[in-house]
Amino acid sequence: MPVLVMKFGGTSVANIDRIRRAAKRVGVEVANGYDVIVIVSAMSGRTNELVGWVDEISPLYDAREYDAVVSSGENVTAGLMALTLQEMDVPARSWQGWQVPLITTSAHSAARIEEIPTDNISTKFAEGMRVAVVAGFQGISPEGRVTTLGRGGSDTTAVAFAAAFEAERCDIYTDVDGVYTTDPRVTDKARKLDKIAFEEMLELASLGAKVLQTRSVELAMRYNVRLRVVSSFEEQSDNAGTLVCAEEDIMESNVVSGIAYSRDEAKMTLISVADRPGIAAAIFGPLSDAGVNVDMIIQNISEEGRTDMTFSCPTNQVARAEKAMQGAKDRGEINYHDLVADTDVAKISAVGIGMRSQSGVAAKMFKTLSDEGINIKVIATSEIKISVLVDRKYMELAVQALHDAFELDKAA
Ligand code: ADP
Ligand code: ASP
Ligand code: MG
């Protein structure tokens with residue numbers, strides 16, 4: 001029988017009522033003739049609570065135990081979903097990551113999926129089981145320890161299963177009815193997109209649009225998974241959602257197709273470093289070794305052989321970056337006067353494949369922000385995106401102004 005993957009996020013399994021509602025949707029697809037792999041997240045708020053407990057006990061935690069704790073939320077919903085389906089007379093059982101076994105790297109709290117053997121679940125399907133309910137977000141390392149895939153990782157579990165089982169489609173059920181031109185919580189002018197190209201979704205996700213985890217989009221693109229984002233609250237009949245697909249499958253699109261934001265960005269400035277050949281390598285080498293994800297970089301004009309170097313990184317990596325820089329200073333590899341961290345910033349990005357062929361997007365973006373009196377602190381560009389760092393208090397205003405300026409409320 002053809003296989004369908006259905007993933008339900010935290011708000012879609014937030015309580016027993018919602019689990020029942022989700023199970024009903026699964027029942028419909030079983031009746032349609034699919035063998036269904038259901039991927040569940042933890043009930044909404046649960047993972048945050050678990051992370052909070054770990055932080056309270058041990059701020060510099062052992063990542064293996066962090067994973068043991070935070071993966072547990074998904075175990076609960078997997079069991080509850082299987083029970084609900086059984087109550088509906090749908091043959092179903094739950095699977096934790098290690099039972100599949102979903103094998104990952106040993107990079108605890110940010111593990112990558114290495115392999116999903118299909119034998120165990122396929123055998124059960126052959127024996128008449130119709131739904132495999134799999135706990136999302138978790139796997140097992142080659143050392144036999146429980147791992148997690150990073151926040152939002154159930155999306156990636158879902159796409160990886162869809163690829164492994166050559167599923168007809170991977171449906172991501174969530175609390176919005178698709179991918180929008182920007183987060184609908186920030187402006188009610190946000191418009192739902194019927195289709196979005198993999199490349200654009202990849203950028204939007206990595207720049208902060210958390211509707212899909214970045215890695216899930218990467219996998220969908222690589223394995224050509226038919227990926228759809230749909231509402232778990234709307235009626236099934238008028239719930240087409242958004243299809244994430246190849247660029248060629250989209251006829252018309254705006255130059256800018258979406259605006260993303262991230263409040264988890266910090267601006268770090270090394271004050272007065274020697275401006276000499278090799279200085280960038282001496283700074284960014286140790287940062288990379290320490291696992292700091294540096295995003296934007298600017299080197300200021302130098303005066304009398306010294307300069308300031310600014311970079312951005314996720315807020316929760318500031319301490320790690322400071323430690324890495326102090327280490328390099330102590331070893332005599334770099335010399336700086338001070339390291340200033342500004343955590344009161346947000347990153348705003350405009351994304352669109354149309355930027356490849358059309359100029360003027362950056363100019364329009366800067367002009368729009370300037371008209372609103374918003375100062376740009378750092379800029380970064382790539383082929384299909386422009387990102388700026390601004391004071392966090394302007395985050396919503398910047399998103400709304402750019403959404404208006406690029407007329408994203410109107411279809412191409
Ligand atoms: P789930 O718990 O189902 O995984 P998430 O909270 O991870 O759901 O992702 C859904 C949320 O993503 C939405 O509620 C919305 O606020 C946010 N979001 C951010 N950017 C976008 C966007 N461009 N389109 C749709 N939703 C977005
Ligand atoms: N429960 C995990 C999280 O909140 C994984 C997920 O929901 O995708 O990050
Ligand atoms: Mg999510």
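Every number for a ligand or one of its atoms is a count from 1 in the order of the listing. Note that these values count all heavy atoms, side chains included, but never hydrogens, waters or copies made by symmetry.
- Under the 4.0 angstrom criterion for non-hydrogen atoms, G73 is not in contact with ligand 2.
- Here K267 does not pair with D344 in a salt bridge; the nearest charged N to carboxylate O distance is not below 4.0 Å.
- Taking the ring centroids of Y173 and F233, they lie at or beyond the 6.0 Å cut-off.
- Backbone and side-chain nitrogen or oxygen atoms of S154 are examined, and one is located within less than 3.5 angstrom of a nitrogen or oxygen of ligand 2.
- Counting the atoms of ligand 1 from 1 in the order shown, those under 4.0 Å from a heavy atom of Y180 are 22 (C), 23 (N), 24 (N), 25 (C).
- A donor-acceptor pair under 3.5 Å is absent between the side-chain atoms of R226 and the main chain of L243, judged by distance alone.
- At a 3.5 angstrom cut-off on N or O pairs, D155 does not count as close to ligand 1.
- Side chain of T156 to backbone of S216: a donor-acceptor contact under 3.5 angstrom is found.
- K367 has no carboxylate O lying under 4.0 Å from a charged side-chain N of E372, or vice versa, which leaves the two without a salt bridge.
- Looking from atom 21 (C) of ligand 1 to the surrounding protein, the closest heavy atom is D183 CA, 3.7 Å.
- Between the T181 side chain and the R191 main chain, a donor and an acceptor come within less than 3.5 Å of each other.
- Using cut-offs of 30° and 60° for the angle between ring planes, the F125 and F165 rings count as perpendicular.
- Side chain of K192 to main chain of G241: a donor-acceptor pair is present (N/O by atom type, distance under 3.5 Å, no hydrogens or angles).
- Without hydrogens or angle criteria, S94 side chain to G79 main chain gives no donor-acceptor distance under 3.5 Å.
- Remark: ligand 1 atoms within the under-4.0 Å shell around heavy atoms of R185 are 13 (C), 14 (O), 15 (C), 16 (O).
- Taking only nitrogen or oxygen atoms, main chain and side chain alike, T174 reaches within less than 3.5 Å of ligand 1.
- Ligand 2 has an N or O atom lying under 3.5 Å from an N or O atom of G152, backbone or side chain.
- Short contacts between ligand 1 and K210, defined as distances under 4.0 Å to a heavy atom of the residue, involve ligand atoms 6 (O), 7 (O), 9 (O), 12 (O), 19 (C).
- In this structure, V176 has a heavy atom closer than 4.0 Å to ligand 1.
- Between K7 and D171 there is no salt bridge, since no side-chain nitrogen of the basic residue lies less than 4.0 Å from a carboxylate oxygen of the acidic one.
- For atom 2 (O) of ligand 1, the closest non-hydrogen atom of the protein is G10 N, 3.1 Å.
- Of all the heavy atoms of Q213, none lies under 4.0 Å from any atom of ligand 2, so neither backbone nor side chain is involved.
- Panel note: side chain E114, backbone T105; no donor-acceptor pair is recorded below 3.5 Å.
- The shortest contact between atom 4 (O) of ligand 2 and any protein heavy atom is with R151 NH2, 2.9 Å.
- Residue-level proximity to ligand 1 for L204 is absent, since no heavy atom of it falls below 4.0 angstrom.
- Each of the following atoms of ligand 1 lies closer than 4.0 Å to a heavy atom of V179: 24 (N).
- Residue-ligand proximity: R46 is placed with every non-hydrogen atom at 4.0 Å or more from ligand 2.
- For atom 11 (C) of ligand 1, the closest heavy atom belonging to the protein is D175 OD1, 3.9 Å.
- The closest protein non-hydrogen atom to atom 27 (C) of ligand 1 is V211 CB, 3.8 Å.
- Look at G178 and you'll find a heavy atom under 4.0 Å from some atom of ligand 1.
- Of the protein's heavy atoms, E74 OE2, 3.4 Å lies nearest to atom 2 (C) of ligand 2.
- T157 places a side-chain N or O within 3.5 Å of a backbone atom of G153 that can act as its donor or acceptor partner.
- Between K210 and D183, none of the side-chain N atoms (NZ, or NE/NH1/NH2) sits under 4.0 Å from a carboxylate O, so this pair counts as no salt bridge.
- A salt bridge does not link R145 to E143: none of the charged side-chain nitrogens sits closer than 4.0 Å to a carboxylate oxygen.
- Taking a 4.0 Å cut-off on heavy atoms, M43 fails to register as neighbouring ligand 1.
- Atoms of ligand 1 found under 4.0 Å from any heavy atom of K7 (numbered from 1 in listed order, with element): 4 (O).
- Not a single N or O atom of T181, backbone or side chain, sits closer than 3.5 Å to an N or O atom of ligand 1.
- The single protein non-hydrogen atom nearest to atom 7 (O) of ligand 2 is S41 OG, 3.0 Å, given as residue, atom name and distance.
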